[in-house]
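What you see below is based on every heavy atom in this structure, not just the backbone, and it leaves out hydrogens, waters and symmetry mates.
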Amino acid sequence: MMNDLVARLTHRKKGYTLEAPFYTDKDIFDVDMEVIFGRHWLFVGVEPDVPEPGDVMVVDIGKNSIAIVRDDDGEVRAFHNVCRHRGARLVHEEKSTVGNLVCRYHSWVYDTTGQLIHAEHMGENFDKSCHGLKPVHIRSLEGLLFICLADNPPQDFDELERVMAPYLAPHNLRETKVAYQHDLIEPGNWKLTMENNRECYHCGANHPELTVPLFAYGFGFAPEELDETEREHAEQYACMLNDNHRDWEAAGLPSREVDRLDDMVTGFRTERLPLAGDGESHTIDTKRACRKLMGDLSNAKAGGLHFWTQPNSWHHFMGDHAVVFSVLPLDAERSLLRTKWLVHKDAVEGVDYDLQNLIGVWMATNQQDSDLVGYCQEGVAMEGYEPGPYSPHTEMLVEKFINWYVGRMLSHLAETRAVA
Amino acid sequence: MMNDLVARLTHRKKGYTLEAPFYTDKDIFDVDMEVIFGRHWLFVGVEPDVPEPGDVMVVDIGKNSIAIVRDDDGEVRAFHNVCRHRGARLVHEEKSTVGNLVCRYHSWVYDTTGQLIHAEHMGENFDKSCHGLKPVHIRSLEGLLFICLADNPPQDFDELERVMAPYLAPHNLRETKVAYQHDLIEPGNWKLTMENNRECYHCGANHPELTVPLFAYGFGFAPEELDETEREHAEQYACMLNDNHRDWEAAGLPSREVDRLDDMVTGFRTERLPLAGDGESHTIDTKRACRKLMGDLSNAKAGGLHFWTQPNSWHHFMGDHAVVFSVLPLDAERSLLRTKWLVHKDAVEGVDYDLQNLIGVWMATNQQDSDLVGYCQEGVAMEGYEPGPYSPHTEMLVEKFINWYVGRMLSHLAETRAVA
Amino acid sequence: MMNDLVARLTHRKKGYTLEAPFYTDKDIFDVDMEVIFGRHWLFVGVEPDVPEPGDVMVVDIGKNSIAIVRDDDGEVRAFHNVCRHRGARLVHEEKSTVGNLVCRYHSWVYDTTGQLIHAEHMGENFDKSCHGLKPVHIRSLEGLLFICLADNPPQDFDELERVMAPYLAPHNLRETKVAYQHDLIEPGNWKLTMENNRECYHCGANHPELTVPLFAYGFGFAPEELDETEREHAEQYACMLNDNHRDWEAAGLPSREVDRLDDMVTGFRTERLPLAGDGESHTIDTKRACRKLMGDLSNAKAGGLHFWTQPNSWHHFMGDHAVVFSVLPLDAERSLLRTKWLVHKDAVEGVDYDLQNLIGVWMATNQQDSDLVGYCQEGVAMEGYEPGPYSPHTEMLVEKFINWYVGRMLSHLAETRAVA
């Protein structure tokens with residue numbers, strides 16, 4: 001299987017979708033989980049998910065369940081969520097608050113730093129210090145929590161942080177709260193969910209809500225297909241983008257595009273884009289959804305700061321709220337899309353924001369995308385499927401995602417072979 | 001696995017059911033789908049399923065989804081139902097009517113002959129003529145639609161057509177409509193569904209409705225088990241059959257048995273049999289269910305023309321209506337039985353026919369057969385199962401089906417090896 | 001896979017839980033079914049399940065379905081529940097009463113000794129005597145029914161019977177009836193269900209009902225953890241146990257511990273333990289649940305006779321009723337726990353016993369155990385799981401179960417290799 005996989009990766013036709021097994025095969029899915037989700041930084045949540053000491057959030061990733069705990073000193077830690085005695089799952093709820101972590105089976109007790117502090121009947125030779133919870137690497141990028149399941153995580157997270165912290169800092173995520181979370185099981189391979197996210201070629205025909213605040217020209221087009229009026233509009237958009245970037249940067253809001261999607265292990269991309277209409281937010285009326293702005297922002301017209309990471313997240317930070325998305329593969333043909341809407345921690349629902357207005361655009365958009373992902377999952381499983389061409393004008397970022405994926409897989413498979 | 005499979009096929013005990021893995025094993029199921037359903041002519045529907053230009057019917061066969069389209073010139077075509085761009089399933093409804101075939105994802109447009117006629121943003125080097133829908137072989141046998149997924153379909157379909165067209169023509173299927181369709185998921189391997197269809201040994205104990213219009217003696221018996229009265233009845237039946245065949249042939253209705261079940265690649269069998277009681281139809285009162293007769297028939301007493309094909313269909317054509325059945329494997333342990341009832345296209349429900357009366361006998365019979373198939377699927381999966389003997393008097397056609405299956409599998413596996 | 005399995009078994013760390021694949025892997029589950037459930041004596045029910053000639057009980061064990069039939073001479077027999085003709089499942093209901101066993105498909109008829117006595121249309125060369133139902137080994141241990149699917153069952157069942165018959169005889173199971181049966185699908189590997197049963201370390205924290213009739217000291221403790229009061233209580237319990245054993249033995253009730261869990265092929269253990277409170281039964285008020293006592297017992301204070309067998313059962317016999325448990329694996333991650341409550345056959349519900357009172361303690365306890373088993377199944381499937389240590393004071397019998405399992409697997413895998 002591995003030889004076959006390396007051959008398929010090596011001979012992948014540039015600019016085309018992957019061969020069917022990458023979207024359907026259980027064995028390749030297992031390699032994806034081992035290589036991509038087992039050795040890279042994964043976005044899993046935000047510090048406001050565990051605001052206080054003793055707060056616990058559980059995130060299940062493939063065969064792993066990870067407990068993210070804010071310890072008694074306020075530090076955020078991550079552990080494998082399994083008792084060291086008989087292997088029972090330790091924490092059952094997605095979110096809870098505890099004094100210590102107690103296993104329900106035989107009442108073994110761990111403190112919030114993961115140390116085993118009580119275990120009955122184990123005899124005089126038993127060493128509690130050897131039976132603490134197993135830690136998992138975790139980093140907070142200005143409040144965005146990334147974990148890595150590998151022993152030696154990619155070191156370029158420092159570079160990601162160096163570049164991105166100034167973009168994110170003005171939105172001050174640590175001082176937000178999760179106003180809403182929605183879990184959607186998309187009927188497709190995680191790569192189809194990611195490919196769907198990496199282009200807006202499909203937006204016009206499928207996303208009536210999302211296309212209200214977004215400018216179509218911001219996501220690429222074939223210049224030769226434009227008529228005269230369209231060409232004028234495209235030029236106007238380019239000028240506006242330029243003006244906006246200049247103004248935002250002057251106001252202390254980093255805005256210019258940085259694209260490291262396929263040349264870093266921890267690939268990412270960012271850019272602040274103007275919003276249409278009133279230009280305030282991803283809402284159906286394009287006005288701010290939350291009266292209280294994020295961080296120290298004094299102007300709601302902060303545009304939409306996009307932040308994409310490989311392999312599993314995207315984020316939109318606006319003046320009044322943020323929406324963060326993570327993709328967690330369930331099996332070769334199903335993926336969990338987890339969406340969280342963040343507002344200033346002091347914002348009050350019903351007073352400062354109306355929840356349905358806050359979440360409306362992306363609730364609709366996610367479901368539309370999920371349907372499209374499902375159509376592709378059905379199609380790529382058919383014998384009649386063969387890889388098709390990406391648009392060079394509107395699907396460049398899809399190609400970069402696939403390039404990154406192919407590169408990361410080959411790199412790790414080469415390592416594995418060198419070892420073996 | 002392949003060596004093992006060839007050995008099992010080669011050493012299959014004649015006159016006995018297959019070994020358990022042929023009914024339960026996922027790998028053998030995959031070979032069945034590749035060899036039997038991937039390289040033979042499959043019955044999938046009737047021309048009245050797509051009566052007008054732009055009408056589309058989708059049939060899913062294993063990992064294939066096929067769109068059957070009547071093009072703007074009235075020709076029936078078949079395509080792989082998957083967009084050539086990102087691989088999305090193209091048509092979602094089982095039946096629809098379209099101007100062109102438009103993909104929902106990025107709005108690629110194909111005309112009814114499968115040509116790609118519109119695709120946005122693809123750049124100047126993109127050649128639309130290379131991205132049309134992939135065609136699938138399709139043939140209409142007097143209105144019965146057969147497809148073949150292989151590049152080179154079996155050529156003996158011409159012979160099938162030569163023999164069968166005169167039998168079918170008087171019923172004029174092209175001038176019918178689908179009065180009702182029923183999809184039933186049988187809890188068994190497709191071969192158990194076929195074996196169940198190929199004998200009526202089980203009819204007496206299980207089909208109270210079906211045995212009303214059918215003569216038991218038409219489906220075989222052990223002569224040595226008959227008492228004197230039964231022997232007389234059997235002889236009377238033989239005389240009646242002879243008389244009926246002579247009368248029907250004289251009236252232009254071909255009737256005599258043709259059995260090519262196991263000596264042709266496209267194996268088939270046909271015979272016109274008399275019906276019991278009033279002798280008009282497969283109904284609970286044995287009278288015609290539809291006042292308007294099929295084709296140019298002037299007499300409802302046309303008996304029941306049986307037509308069986310390998311691997312996946314059977315059909316009953318009567319004076320007033322026809323019932324056509326196709327078996328589409330879902331997995332090693334489940335099969336879709338699709339039944340369509342056809343009446344003259346001008347017949348009006350509630351005036352010319354009562355729907356419940358039309359479909360009653362076979363709706364009941366199908367469910368009874370499905371239960372029996374399920375009992376066998378449960379049993380053959382047990383360690384205590386071993387192949388059992390077919391009756392030489394009542395299960396000859398089951399044996400021919402299995403012979404055909406074994407022969408076709410061995411023939412294709414030999415080819416595959418010669419190539420490899 | 002087999003080499004890998006032998007290595008894992010050989011290098012299993014003594015005193016620790018098994019490596020994850022033993023609880024999760026489909027291939028190892030298949031070997032478990034072949035080796036452990038295919039070649040050992042399995043507890044499947046009681047004679048009162050089939051009290052009269054013609055009574056049939058069906059027990060499904062993995063890929064086997066076994067019909068247990070009391071024949072016309074009163075002997076209990078077991079057969080593979082599959083027709084020798086086309087392989088249909090023969091008996092469908094869990095319990096039924098028949099004159100003969102008749103297949104629904106083509107009406108083949110078998111008598112209660114399994115002989116084929118009628119089959120139509122099979123021709124003159126057909127030999128009915130070669131097509132009887134396939135027998136399965138069955139033994140009754142004082143009314144407890146054990147079957148073995150192997151051709152050559154372990155011979156030490158005789159030794160088990162020699163030791164256990166005197167313990168069981170006073171409760172006279174053949175003169176009981178099944179007052180209630182409950183089937184619970186536990187969400188875990190069968191070995192997790194067995195491990196859960198083999199210790200009471202978890203009882204204090206999880207079984208509020210069961211801990212009422214049971215003495216905690218009867219199931220082990222770490223002496224060094226006791227304070228002065230607890231040490232006194234432990235000593236008092238030891239004296240009481242001694243006194244009780246002396247009294248019971250004097251009254252003809254064998255009571256002393258026999259532990260052959262890991263040194264016999266048909267491993268087992270027994271011991272009669274005192275009950276707390278009024279000391280009569282496993283009820284929430286510790287009083288007898290059934291007014292009519294079992295067998296010839298004149299005193300309800302017969303304690304609780306525990307009887308454990310490898311691989312799949314445990315039993316509690318009290319003065320007034322018995323509870324018998326069997327574990328039947330469904331797949332690597334699910335197991336059926338079947339519980340039967342037995343009372344004297346002349347006891348009348350609502351007069352001699354209240355059903356809810358009779359079954360209350362174990363209905364609650366089984367569900368609690370099922371939840372715990374599920375937590376372990378979730379945990380051992382996680383990448384963060386590694387084998388953990390058993391308590392030397394409270395989990396000795398779990399260790400013996402695992403030792404037995406490892407030994408039996410290695411022994412049979414060695415045989416298989418010697419043959420191959």
Side-chain angles (χ1 to χ4, degrees), chain A residues 26 30 33-34 37-39 58-67 78-93 101-110 114 116 118-128 130-137 147-151 331, chain C residues 15-24 26 187-189 191-192 195-196 198-207 216-217 219-226 230 368-369 371-396 398-399 402:
Chain A
K26 286 177 176 51
D30 289 343
M33 293 312 291
E34 184 194 332
F37 284 81
R39 306 190 199 171
V58 172
V59 179
D60 292 342
I61 302 172
K63 290 186 190 165
N64 292 278
S65 177
I66 308 301
F79 306 106
H80 285 283
N81 182 24
V82 53
C83 181
R84 294 293 306 278
H85 177 215
R86 292 270 289 276
R89 170 183 272 256
L90 194 61
V91 185
H92 296 264
E93 301 76 17
L101 297 154
V102 182
C103 180
R104 296 189 193 176
Y105 206 164
H106 302 89
S107 304
W108 284 29
V109 180
Y110 306 87
L116 177 63
H118 186 68
E120 222 181 352
H121 297 310
M122 292 308 293
E124 292 172 330
N125 294 322
F126 178 71
D127 183 353
K128 285 205 287 284
C130 297
H131 292 87
L133 297 178
K134 292 185 180 177
V136 170
H137 293 281
I147 65 164
C148 180
L149 295 161
D151 292 336
D331 55 38
Chain C
Y16 281 71
T17 58
L18 293 167
E19 292 181 352
F22 287 100
Y23 303 115
T24 61
K26 288 178 172 54
N189 185 278
K191 294 187 288 292
L192 291 176
E195 293 186 42
N196 172 270
R198 293 299 194 244
E199 49 92 2
C200 218
Y201 180 4
H202 69 273
C203 292
N206 291 284
H207 296 321
Y217 293 109
F219 298 91
F221 52 87
E224 68 273 14
E225 292 174 4
L226 301 187
E230 289 168 335
Q368 292 149 4
D369 281 331
D371 291 346
L372 295 170
V373 163
Y375 301 155
C376 282
Q377 189 67 36
E378 287 184 66
V380 298
M382 295 177 192
E383 306 235 328
Y385 166 75
E386 70 177 50
Y390 293 129
S391 157
H393 298 295
T394 60
E395 294 173 300
M396 309 78 66
V398 188
E399 172 67 8
I402 295 296

For [X], which atoms come within 4.5 Å of any heavy atom of chain A: side chain, backbone, both, or neither?
X: C:Asn196; result: both
X: C:Tyr23; result: neither
X: C:Glu199; result: side chain
X: C:Glu383; result: both

Which of these passes side-chain contact (heavy atoms from CB on, under 4.5 Å) with A:His106: A:His121, A:Arg86, A:Glu120, A:Met122?
A:Arg86

Interface check, chain A: of C:Pro392, C:Gly384, C:Cys203, most non-hydrogen pairs under 4.5 Å belong to C:Gly384

If you tally heavy-atom pairs under 4.5 Å against chain A, which of C:Pro387, C:Ala205, C:Ala381 wins?
C:Ala381

Against chain C, work out which of A:Gly38, A:Cys83, A:Ser65, A:Ser107 has the most heavy-atom pairs shorter than 4.5 Å and name it.
A:Ser65

Chi angles and distances behind the ring pair (Phe, Tyr, Trp, His ring centres under 6.0 Å) call for A:His85, C:Tyr16
CA-CA 9 Å; A:His85 177 215; C:Tyr16 281 71; over 10 Å; no

Please classify the contact of A:Phe79 with chain C as side chain, backbone, both or neither, using a heavy-atom distance under 4.5 Å.
neither

For residues [X] and [Y], report the shortest heavy-atom separation together with the two atoms involved.
X: C:Thr17; Y: C:Tyr390; value: CA-OH, 3.4 Å
X: C:Leu372; Y: C:Asn206; value: CD2-OD1, 3.5 Å
X: C:Lys191; Y: C:Phe22; value: NZ-O, 2.7 Å

CG/A:Leu116 to CG/A:Leu133 distance, rounded to the nearest 0.5 angstrom?
8.0 Å

